[in-house]
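Please read the structure below before turning to the comments.
What's counted below: heavy atoms across the whole structure, side chains too, no hydrogens, waters or symmetry copies. Here, residue 1 is the first one in the sequence, and each next residue gets the next number. Model, not experiment: these values are computed from the prediction.
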Amino acid sequence: MGGPMDVLDVESAERVAQGGRARHRRPGLSRRWLRAGAALIVLVLLVLWYVLSRGHTVHDPRAYPGSQSQDLPGTLRRYRLGLPDCATGSVRYHRYAQWEADAFYLHFAGDRHCMNQFLVLNGMFLTGEPEESAGLPFDPKTTAGFGWPQDHDRRYRSVHRRPVSGDPLVDVDVALYASGESTEVYLHAGIV
């Protein structure tokens with residue numbers, strides 16, 4: 001006999017024995033459903049594996065809505081900034097990076113000692129004649145979305161850190177608001 005035989009029934013075997021052609025039986029309906037079900041299970045498992053294996057970021061509750069970064073430690077490294085432990089409980093942040101625009105906003109509240117730790121950690125010092133501003137010295141359209149105060153009667157002490165060298169070059173502006181022993185730090189950093 002010539003080639004391999006598929007599923008044959010008894011009649012087909014007798015027909016072949018008498019020199020005729022074999023008649024193939026089609027798999028039953030239950031076998032078709034079994035194959036379709038197995039294929040569906042494989043497909044579902046592949047989709048599930050793909051979804052679970054993708055690197056998705058977990059939402060950081062400290063990030064303001066719309067922040068393009070949910071990774072505060074990574075963002076601080078990118079902007080060459082440090083954050084003292086005393087600030088971690090109240091910190092909020094926002095990062096916007098689109099084409100050439102790359103901006104980072106940060107806010108936290110603490111005591112004067114915590115504010116000083118932050119400034120020293122980031123190479124900024126309160127020396128010389130204090131530079132003050134009426135209201136926050138940042139874009140009010142952007143900062144209003146974070147719930148930052150927009151009161152122009154509120155006085156802030158300003159501190160700047162200009163880029164000297166490095167890749168990337170980071171320009172940092174900080175506005176400090178002190179009320180008694182408590183202080184609030186508002187920061188805007190941009191990649192130059």
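Expressed to the nearest 0.5 Å, how far CG of Leu46 lies from CD1 of Ile41 amounts to 12.0 Å. For the atom pair NE2 (His94) and OG1 (Thr143), the distance works out to 11.5 Å, reported to the nearest 0.5 Å. Interatomic distance, CG of Leu83 versus OG1 of Thr88, reported as 7.0 Å (0.5 Å rounding). Summarising the geometry, atom CG belonging to Asn116 is positioned 12.0 Å from atom CG belonging to Leu121; distances are rounded to the nearest 0.5 Å.
Among all heavy-atom pairs drawn from Cys114 and Ala87, the shortest one is SG-N, 3.6 Å. Of all the heavy atoms in Ala97 and Gln68, the pair that sits closest is N-OE1, 2.6 Å. For Ala109 against Glu184, the heavy-atom pair with the smallest separation is CB-CG, 4.2 Å. Heavy atoms only, all atoms of each residue included: Ser133 and Ser158 are closest at OG-OG, 3.9 Å. The nearest pair of heavy atoms linking Arg78 to Asp102 is NH2-OD2, 2.9 Å.
Exactly one of Tyr186, Phe146, Tyr96 qualifies for a ring-ring contact (aromatic ring centres under 6.0 Å, His included) with Tyr105. That residue is Phe146.
In the hydrophobic cluster analysis, where Ile, Leu, Val, Met, Phe, Trp and Tyr join through side-chain heavy atoms closer than 4.5 angstrom, Tyr93 is grouped together with Leu176. If you chain together hydrophobic residues whose side chains sit under 4.5 Å apart, Ile191 and Phe138 never meet in one group. No continuous path of ILVMFWY side-chain contacts below 4.5 Å connects Leu119 to Tyr156, so the two sit in separate hydrophobic clusters. Under a hydrophobic clustering in which Ile, Leu, Val, Met, Phe, Trp and Tyr are joined whenever their side-chain heavy atoms come within less than 4.5 Å, directly or via other members, Tyr79 and Leu187 fall into the same cluster.
With respect to the salt-bridge test (charged N to carboxylate O, under 4.0 angstrom), the residues Asp139 and Lys141 do not qualify. Salt-bridge check for Glu132 with Arg155: passed, with a basic side-chain N closer than 4.0 Å to an acidic carboxylate O.
For the pair Arg154 and Tyr177, the cation-pi criterion (under 6.0 Å, within 45° of the ring axis) is fulfilled. For the pair Arg95 and Phe104, the cation does not sit on the ring face, since its NZ or CZ is not both under 6.0 Å from the ring centre and inside 45° of the axis.
Side chain of Thr183 to backbone of Ala178: no donor-acceptor contact under 3.5 angstrom is found. No donor-acceptor distance shorter than 3.5 angstrom exists from the side chain of Asp171 to the backbone of Gly190, with no hydrogens or angles considered. Here the side chain of Arg92 pairs a donor or acceptor atom with the backbone of Arg62 at under 3.5 angstrom. Between the Arg112 side chain and the Gly180 main chain, a donor and an acceptor come within less than 3.5 Å of each other. For the pair Asn122 (side chain) and Met124 (backbone), a donor-acceptor distance under 3.5 Å is absent.
A side-chain donor from one of His160 and Glu131 sits under 3.5 Å from a side-chain acceptor of the other.
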Go through Leu81 and Val172 one step at a time and tell me if the side chain to side chain contact (heavy atoms under 4.5 Å, CB included) criterion holds.
CA-CA 9 Å; Leu81 294 168; Val172 179; 4.1 Å; yes
Is there a side chain to side chain contact (heavy atoms under 4.5 Å, CB included) between Val91 and Leu72? Walk through the geometry before answering.
CA-CA 10 Å; Val91 72; Leu72 181 59; 3.9 Å; yes
Apply side chain to side chain contact (heavy atoms under 4.5 Å, CB included) to residues Val159 and Asp173 and explain how you reach the verdict.
CA-CA 6 Å; Val159 183; Asp173 290 308; over 6 Å; no
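Two residues are said to be in side-chain contact when any heavy atoms from C-beta on lie closer than 4.5 Å; Pro149 and Leu136 meet this criterion. The closest side-chain heavy-atom distance from Arg161 to Arg80 is below 4.5 Å. Side chains of His107 and Val185 form no contact here, defined as non-hydrogen atoms less than 4.5 Å apart. Inter-residue side-chain proximity for Cys86 and Gln117 is flagged as met; some heavy-atom pair is nearer than 4.5 Å.
Heavy atoms from other residues, nucleotides or ligands lying under 6.0 Å from CG of Asp85 number 12 at most.
Aromatic ring pairs are classed by plane angle as parallel below 30°, tilted from 30° to 60° and perpendicular above 60°; the pair Tyr64 and Trp148 is perpendicular.
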